[in-house]
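Before any comments, here is the structure.
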Amino acid sequence: MQTNVDITLRVNGAAVSRRVEARMNLVDFLREELGLTGSHVGCEHGVCGACTVRVDGRIARGCLMVAAQADGAEVWTIEGLSDTGELRALKDAFVERNALQCGYCTPGMLLTAAELLERRPDAGRAEIRRFLSGNYCRCTGYEAIVDAVEMARGR
Amino acid sequence: MTDLVADRWILDRPNSYIGRSVPRPNAPRLAEGRGTFVDDVELGRRTGHAAFVRSPHAHARIRSIDTEAARAAPGVIAVVTGRELAEIHDPWVGVLTHLEGLKSAPQYALPLDTATWQGEAVAAVVAESRAKAEDAAELVAIDWEVRPAVTDPATALDPDTTVIHESLGDNLAWRRNANFGDVEAAYAEADHVIEETFVFARHTGVCVEPRAILADFNPAEEQLTVWHNTQCPHMIQNILATHYRLDEHRVRVIARDVGGSFGIKVHTYADEIATAGLSILLKRPVKFVADRMESFVSDIHARDHRVRGTIAVRNDGAILAFEIDALTGIGPYSMYPRTSGIEANQIVNLMGGPYVFDHYRAQATVVFQNKNMMCQYRAVGHPIKCAVTEGLVDSAARATGLDPAELRRRNLRADDSYPCRSAQGLPFENLSHQESLAKLLEAMDYEALKAERDALRERGVHRGIGLASFIEVTNPSAMFYGVGGARISAQDGATMRLDARGNVFVATGATEQGQGMEAVISQVAATAVGVPPERLRIVTGDTDHTPYGGGTWASRAAGIGGEAVAQAGRALRQQILRAAAAMLQEEAANLDLRGGVVVDAATGAERIGLDEIGRICYYRPDTLPDGFQAELVATRHYVPRKYPFAFTNGAQASYLEVDVETGFITLIDHWCVEDCGTVINPLLVDEQIRGGIVQGLGGALFEECVYDRDGQMLNANMADYLVPMAAELPDMKCGHVESPTAESDLGAKGAGEAGTCGAPAAVMNALNDALAPLGAKPLTDMPFTPRKVLRALGRI
């Protein structure tokens with residue numbers, strides 16, 4: 001069985017080549033190989049959403065993909081999307097509305113919310129709640145997050 | 001009890017930030033993924049990564065451990081057993097002297113010869129990556145002698161049940177009996193004596209960031225540095241020093257960002273203590289981050305109570321007596337150093353807290369069992385005592401035919417009756433039950449809501465309204481833990497320093513877990529000194545660089561940590577004004593500091609900026625008058641002394657709908673009016689309340705650590721253990737009454753746990769209000785799953 005894989009991908013706009021263990025998942029690759037620690041590890045079985053990143057334009061769980069699957073992909077993380085300013089309206093709304101407390105789920109929540117605003121720009125509160133229901137937050141009770149998404153949409 | 005008179009100077013400061021929804025200084029960093037959680041800290045390639053071999057059995061003796069294959073596995077640095085680790089540390093015993101009679105057995109970082117719960121770490125593998133450590137952990141071969149597992153608290157004390165710790169003689173950890181007044185006489189006088197049994201499932205915190213520790217021992221200077229997502233850096237410093245026989249100043253604990261804690265991260269976890277020991281043994285950094293599966297079987301569990309409760313009430317609604325008999329199983333050890341007796345103790349102490357009654361009897365029995373350990377989790381004991389109290393009050397309402405709100409009005413303590421004592425003798429300084437309930441009923445438009453509920457019932461829509469009044473322990477004094485011998489600080493310190501550019505550093509012993517403590521500290525500091533918040537730098541979570549303090553627990557950070565900052569800020573302002581007075585040849589009393597500028601106190605006219613004061617004091621002290629030395633650092637400490645706790649109070653209401661075909665419950669609305677004294681930051685208080693409510697809703701409706709009879713946890717993953725997600729939850733309306741504590745100048749009480757305290761009771765009462773017309777007996781067995789609802793309705 002092949003245990004190492006050579007991969008080349010773009011992460012936050014920059015080309016990256018690495019030899020990785022075949023079993024290494026994408027979020028461990030981003031955190032441990034590239035030092036992109038903004039994507040968090042919460043459950044490692046695809047439930048909590050803390051490791052959400054953007055792969056080829058769609059959100060994906062960094063714990064449910066192995067890094068080898070990202071060969072040739074375009075990956076964006078919270079760090080890159082913060083630098084480009086794409087998440088600024090959402091981030092500002094989250095801060096203003098206190099839609100984050102400990103902040104551990106927040107990068108994943110922001111990436112999911114950004115996709116929601118792109119795909120369902122007219123979503124009402126119930127639909128926002130459903131769209132975000134794959135991202136676990138223990139701190140806020142979610143109401144502030146729903147408010148912040150609505151606030152960001154208007155900006 | 002003492003009549004206190006507070007000096008509210010800080011509420012009268014010009015340009016006050018108290019009571020304003022100032023944004024959190026640390027939030028943008030977290031929102032951009034630029035925080036520093038423990039697993040984000042890298043100490044280089046010599047770092048070893050620990051994985052633990054965990055017991056697959058609830059109770060089993062270790063005959064032998066064969067580590068040879070694991071030691072030979074690729075990338076393995078060491079494999080360490082309990083006996084090897086025991087050579088460098090001393091065990092601990094989780095008892096407190098004020099919980100008289102509480103006993104527990106010595107606990108080691110890794111057990112010497114017997115595993116006592118499924119998931120207990122029994123050996124450690126350290127390798128160059130976590131993946132390699134896990135590979136090798138599978139190669140550790142343990143010869144087990146499986147022993148009978150003690151799992152049911154109801155039979156734990158039976159003579160034929162296995163005794164978990166033979167040295168203790170039996171499985172009884174603690175029993176407390178309390179008796180006030182004459183319960184039997186009250187029963188004789190009452191028109192109704194109603195008994196119900198309430199069950200609270202085991203559940204757990206499920207912090208999104210798992211427990212994590214990175215320990216780095218430097219043998220050349222005998223210095224242990226630990227990055228740890230703890231709520232209490234100084235407590236952990238003391239524990240590591242004590243049990244590894246180090247001097248306390250040779251242990252530094254750093255707690256940067258913490259990904260939620262809720263009481264989960266306030267305890268002494270054996271695997272974390274073991275990780276520090278591995279670093280000492282191996283003389284290199286060692287990191288351990290719990291994965292989610294091991295979190296479920298090693299993070300403390302909580303609640304797990306069966307409570308038989310009784311209320312005695314007259315036909316006019318007067319509550320005469322409460323009685324409880326509570327039973328809980330806490331796992332195989334009492335947790336160190338806070339003990340696993342506190343949850344039961346709180347229930348005994350706080351039952352019936354909002355109400356006036358004279359007769360009370362209680363028994364609490366705490367037993368050992370072979371399940372994961374139980375200990376303090378957000379709102380310790382409160383959701384239990386509140387649900388038992390409020391469930392019985394609703395039973396009394398049904399028995400007397402009085403409206404639940406009216407029955408509460410007749411029995412809630414009067415707002416002008418303070419200071420006074422509870423039936424159990426606990427002192428209440430200043431509460432507002434009547435006003436809180438009135439405000440709650442107004443916010444929910446109670447009468448209109450009842451009419452809507454009744455109209456919908458006619459159409460086959462089954463909705464219910466539930467009320468719950470509550471008290472909550474906050475701002476604990478040394479009477480909570482210190483008096484029992486625990487080295488847990490009730491006091492907190494703050495150090496504030498003016499820098500050379502006129503900015504202010506604030507170091508505090510209180511810690512940030514996401515609740516917004518840094519914002520609260522910045523508001524208090526800015527107000528007390530007289531500078532805008534953007535001129536502050538807040539330093540927390542580092543035993544080398546902050547004053548000694550208790551950290552975050554029992555809703556204490558704002559009320560105690562905040563008061564220390566208020567006092568330090570006032571002292572620093574006075575010191576700055578003395579320096580300004582020396583420069584300006586003016587009386588300090590004629591000056592004030594506002595908006596970062598020293599002004600004439602009477603006219604507000606600008607005299608000198610803080611940057612100029614910093615420049616002169618640090619670079620040109622030669623220009624100051626002879627004999628004047630500027631002091632630009634101030635430290636103050638604070639601890640409540642007059643009252644053991646600052647009780648808060650409030651009331652919650654739930655409005656929900658039950659689908660009688662599926663048993664599903666839809667939460668429609670939730671209200672909370674609470675009184676945490678001075679509200680420092682309205683936005684943060686409301687979000688503490690909302691987050692707390694949802695944690696309470698989780699316990700009431702979804703969350704349960706399911707064990708089988710052999711002590712195997714069956715749902716130790718996030719797919720099977722249900723937590724509240726966005727789609728299931730309602731929006732929540734918050735309101736406030738402000739009855740400041742006079743024990744501090746700030747007057748703030750805690751706000752972190754009130755939501756969790758009252759939510760399960762409100763939901764339970766709403767559910768039973770919806771079910772009652774259908775002839776169902778009251779449901780009192782949390783979590784209220786669809787299956788239980790259908791059973792109550794006789795559908796299955």
Side-chain angles (χ1 to χ4, degrees), chain A residues 21 23-24 28 31-32 35-50 77-79 81-83 87 90-92 94-108 110 125-126 128-147, chain B residues 21 23-24 26-37 39-40 42 129-131 205-210 257-262 289 291-293 512-516 519 683-684 686-695 697 717-719 723-732 755:
Chain A
E21 279 196 82
R23 65 178 176 176
M24 176 174 261
D28 285 349
R31 291 179 55 84
E32 294 168 18
L36 294 167
T37 54
S39 304
H40 296 142
V41 177
C43 75
E44 296 174 276
H45 52 279
V47 182
C48 80
T77 70
I78 186 70
E79 290 93 342
L81 295 173
S82 296
D83 288 348
L87 297 178
L90 270 170
K91 186 198 87 175
D92 290 349
F94 268 60
V95 171
E96 184 183 331
R97 180 61 188 81
N98 198 44
L100 69 153
Q101 291 185 23
C102 79
Y104 200 79
C105 75
T106 311
L110 287 174
R125 289 182 77 81
I128 294 172
R129 283 183 176 277
R130 278 196 299 276
F131 200 92
L132 296 177
S133 69
N135 288 71
Y136 171 54
C137 167
R138 188 54 137 177
C139 297
T140 63
Y142 304 103
E143 182 172 333
I145 294 174
V146 179
D147 290 346
Chain B
S21 293
R24 294 169 53 202
N26 47 342
R29 173 169 61 77
L30 294 166
E32 292 193 5
R34 299 183 209 277
T36 308
F37 297 94
D39 196 26
D40 302 340
E42 291 280 354
S129 74
R130 168 72 181 224
V206 200
C207 309
V208 200
E209 184 210 22
D257 294 314
V258 177
S261 52
F262 319 110
V289 182
D291 71 24
R292 186 55 57 189
M293 314 298 180
E512 172 72 274
Q513 320 288 305
Q515 78 276 43
L683 178 65
L684 295 187
D686 282 357
E687 291 314 312
Q688 281 300 297
I689 298 298
R690 289 195 175 96
I693 287 170
V694 169
Q695 229 155 354
L697 295 176
N717 64 78
M718 287 192 70
V723 289
M725 300 299 271
E728 292 95 59
L729 298 168
D731 287 338
M732 294 158 271

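Proteins get letters first, then strands, A, B, ... in listed order; numbering begins at 1 in each.
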Counting only heavy atoms closer than 4.5 Å, note whether Asp40(B) contacts chain A via side chain, backbone, both or neither. both

Can you give me the closest heavy-atom contact between Met732(B) and Gly141(A), atom names plus distance? CE-O, 3.9 Å

Identify the two heavy atoms, one from Ala144(A) and one from Glu687(B), that lie closest to each other, and give their separation to 0.1 Å. CB-OE1, 3.4 Å

Can you tell which of Arg138(A), Arg31(A), Arg23(A) has the highest number of heavy-atom pairs within less than 4.5 Å of chain B? Arg138(A)

Closest-packed option against chain A by number of heavy-atom pairs under 4.5 Å, given Gly692(B), Gly205(B), Ala519(B): Gly205(B)

Proximal component of Val208(B), with respect to chain A [non-hydrogen, under 4.5 Å]: both

Quick one: what part of Asn26(B) sits under 4.5 Å from any heavy atom of chain A, side chain, backbone, both or neither? neither

Residue pair Met718(B) / Cys43(A): nearest heavy atoms and the distance that separates them: SD-CB, 3.7 Å

Engaged part of Thr37(A) at the chain B interface, taking heavy atoms whose separation is under 4.5 Å: both

What one should report as the nearest heavy-atom pair of Ala726(B) and Arg129(A) is O-NH1, 2.8 Å

Based on non-hydrogen pairs under 4.5 Å, which of Glu96(A), Arg97(A), Arg130(A), Met24(A) is most in contact with chain B? Arg97(A)

When the 4.5 angstrom heavy-atom criterion is applied to Asp83(A) and chain B, the contacting part is both

Side chain, backbone, both or neither: which part of Arg690(B) has an atom under 4.5 Å from a heavy atom of chain A? both

State which residues pass side chain to side chain contact (heavy atoms under 4.5 Å, CB included) with Met293(B); sequence neighbours excluded, sorted by chain then number. His45(A), Asp291(B), Asn717(B)

Between Glu209(B) and chain A, which part of the residue has a heavy atom less than 4.5 Å away: side chain, backbone, both or neither? both

Exercise: identify the closest heavy-atom pair between Pro210(B) and Tyr104(A): CD-OH, 4.0 Å

Most heavy-atom pairs under 4.5 Å with chain A, out of Pro28(B), Ser21(B), Gly516(B), belong to Pro28(B)

With only heavy atoms counted, which part of Phe94(A) is less than 4.5 Å from chain B, the side chain, the backbone, both or neither? neither

Under a plain distance cut-off of 3.5 Å, with no hydrogens placed, do Gln101(A) and Gln513(B) share a side-chain donor-acceptor pair? no

Shortest non-hydrogen contact between Val95(A) and Ala31(B), atoms and distance: CG2-CB, 4.5 Å

Is the shortest distance from a Lys or Arg side-chain nitrogen in Arg125(A) or Asp731(B) to a carboxylate oxygen in the other one below 4.0 Å? yes

Please look at Glu79(A) and chain B and tell me whether the side chain, the backbone, both or neither of the residue comes under 4.5 angstrom of a heavy atom of that chain. both

For each of Cys139(A), Pro107(A), Gly38(A), tally heavy-atom pairs with chain B at distances under 4.5 Å, and name the one with the top tally. Cys139(A)

Would you compute the distance between atom CZ of Arg292(B) and atom SG of Cys48(A) and round it to the nearest 0.5 angstrom? 6.5 Å

May I ask you to name which of Arg34(B), Gln695(B), Gln515(B), Arg29(B) has the most heavy-atom pairs under 4.5 Å with chain A? Gln695(B)

Quick check on the interface: out of Val694(B), Val206(B), Ile693(B), who has the most heavy-atom pairs with chain A under 4.5 Å? Val206(B)

With a 4.5 Å cut-off on heavy-atom pairs, point out which of Ser129(B), Ala131(B), Gly35(B) contacts chain A the most. Ala131(B)

Among Val146(A), Leu132(A), Leu87(A), Leu100(A), who wins on heavy-atom pairs under 4.5 Å with chain B? Leu100(A)

